[in-house]
Each structure stands twice: as C-alpha cells, then as structure tokens.
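As structure tokens, the structure follows; a few thoughts come after it.
Only heavy atoms go into these numbers, but all of them, side chains included; no hydrogens, no water, no symmetry mates. Numbered from 1 within each chain, the chains take letters A, B, ... in sequence-line order. Model, not experiment: these values are computed from the prediction.
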Amino acid sequence: GENVEQHPSTLSVQEGDSAVIKCTYSDSASNYFPWYKQELGKGPQLIIDIRSNVGEKKDQRIAVTLNKTAKHFSLHITETQPEDSAVYFCAALGGNDMRFGAGTRLTVKP
Amino acid sequence: ETGVTQTPRHLVMGMTNKKSLKCEQHLGHNAMYWYKQSAKKPLELMFVYNFKEQTENNSVPSRFSPECPNSSHLFLHLHTLQPEDSALYLCASSSQLGTSVIYNEQFFGPGTRLTVL
C-alpha cells in the first residue's frame, strides 16, 4: 500500500517569508495529491491539489509541485501571513486508498 | 463550512459507556469515511462506505461499530473503549469511490474530540 512521509514536522517562519513543506510517496500508481490545512478546532480543509499529469499548479500565494520520477511533491506558500499558521497535511491517492502524511505545524510570526 | 457536520463536538466517556458519533453531509455525496486523528500521527482511515455499503474496514477493533443508514448519514457506535482510543474522530465524504480522481476529493467535518477516562 501507499506510504506518505512528510517533512518538516514543525516550521516557523517570519511573516512575509516563504514556507516549503515536502512529501514523498511510495506507490508509483498514485495519481492525485491533495494538500489540507487544519486550523485549531476544525477539520482539514482542501487548499490545493495536483493530479499526476501536471507538474505544477498555483493558486495565488500557494503552489504545489510534483516530481513523479522522484515520487515527491511540495507545497510552497509565499508572502506568509499570520493566518497561514495551521497544520498542513499532504496526501496521496492510489486507487481508492488515500494516505496522509503526519502533518506540518506551520507558525508564522508577525 | 464544508457541508459536513459532526455531533457531538466533544465527548467524554468512561470505559464502560456506550455512545455514538454522528456525521451528516449535505453535499449529495455517496461515499463517507471515518478517520482517527491522534497527535503527531497521520490520519488513520477506519471505515469507508460507498452507496451505503461498507467497502473498507482497516483492522479496526470491534469496540468501534459503524452504521450507514443512507448516503447522507454515518454513525460510529462506541462501547467499552480504552483510554488509547482518545483522539479526534473525523468524518469525511466524497462524490463516490471510483477510478476517476474527480470522485475522490474528500470534504471533512470538524471532528468529535473524544476522551476516554
């Protein structure tokens, strides 16, 4: 089955800096890679996703890149703001089996 | 609001109690999921239902019993739990299970914070 590794587990940046979170996956058949943001007291919410036929996707300050050969994908947040502080999860979907990373706690200091 | 609601939001129970968690989705989806979220661990998939039929049970102990009476509602019945079962229990839904990824984008509820004493 799929195994997803996520790094770092915690990340602290200054407001305005960029943040990068990286994930690797094991199943080469995985074809969908969502990223979720979980704020305190809430469930995870999808913020961006990428499919295996695309190498990069951008939505305002958030971008995701996918390297299928190396089986890794990354979340990039530019011009970080305090409201970006949350736990971020990556996931990989192979067939019907969605596997999640352990999460990254991002803190943006004002 | 994601269109997925869960009740109660918080639950404290003793090891001998019986309680149920409820999930309801208002998105017209046909697949529903239960996940367990423990600190510093990946989300653990517990159960999957597709069109009211259970399609996956990830070796979950029998003290957790799911029920899916229709595509909009999902329950998790709890009995004789252990303190290590304390966690955030998340419900999610998606359009349906299938080979196309458009069916599998999952929407999560806010979770039930369960504490077992």
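Put simply, CD on B/Gln106 and OH on A/Tyr36 are 5.0 Å apart, with the number rounded to the nearest 0.5 Å. To the nearest 0.5 Å, atom CE of residue A/Met98 and atom OH of residue B/Tyr33 are 7.0 Å apart. Going from atom CG of A/Asp49 over to atom CD of B/Glu105 covers 6.0 Å, rounded to the nearest 0.5 Å.
For B/Gln37, the part lying near chain A is the side chain, with the backbone staying farther off; criterion is any non-hydrogen pair under 4.5 Å. Both the backbone and the side chain of A/Pro44 come within contact range of chain B, with heavy atoms under 4.5 Å apart. Looking at A/Gln6, there are no atoms closer than 4.5 Å to chain B (heavy atoms on both sides), in backbone or side chain. Only the side chain of B/Arg9 comes within less than 4.5 Å of a heavy atom in chain A; its backbone stays farther off. Both the backbone and the side chain of B/Leu43 come within less than 4.5 Å of a heavy atom of chain A.
Within a 6.0 Å sphere centred on CD of B/Glu84, other residues, nucleotides and ligands contribute more than 12 heavy atoms. More than 12 non-hydrogen atoms from other residues, nucleotides or ligands lie less than 6.0 angstrom from CG of B/Leu117. When the shell of 6.0 Å around CD of A/Glu79 is examined, it contains 12 or fewer heavy atoms from other residues, nucleotides or ligands.
Follow the hydrophobic side-chain contacts under 4.5 Å out from A/Phe73 and you reach A/Ile47 in the same cluster. Both A/Tyr88 and A/Ile48 are part of a single hydrophobic cluster, where members link through side-chain heavy atoms under 4.5 Å apart. Residues B/Val60 and B/Leu81 are members of one and the same hydrophobic cluster, defined by side-chain heavy-atom contacts under 4.5 angstrom among Ile, Leu, Val, Met, Phe, Trp and Tyr. Side-chain heavy atoms closer than 4.5 Å link hydrophobic residues (I, L, V, M, F, W, Y) into clusters, and following such links, possibly through other members, connects B/Leu11 to B/Trp34. Residues B/Phe64 and B/Leu90 do not share a hydrophobic cluster, defined by chaining ILVMFWY side chains whose heavy atoms lie under 4.5 Å apart.
By number of non-hydrogen pairs under 4.5 angstrom with chain B, the leading residue of A/Gly103, A/Gly43, A/Ala91 is A/Gly43. Chain A forms more heavy-atom pairs under 4.5 Å with one residue of B/Lys41, B/Glu44, B/Gln6, B/Arg113 than with any other, namely B/Lys41.
You'll find the side chain of A/Val4 stays beyond 4.5 Å of the side chain of B/Pro42, heavy atoms only.
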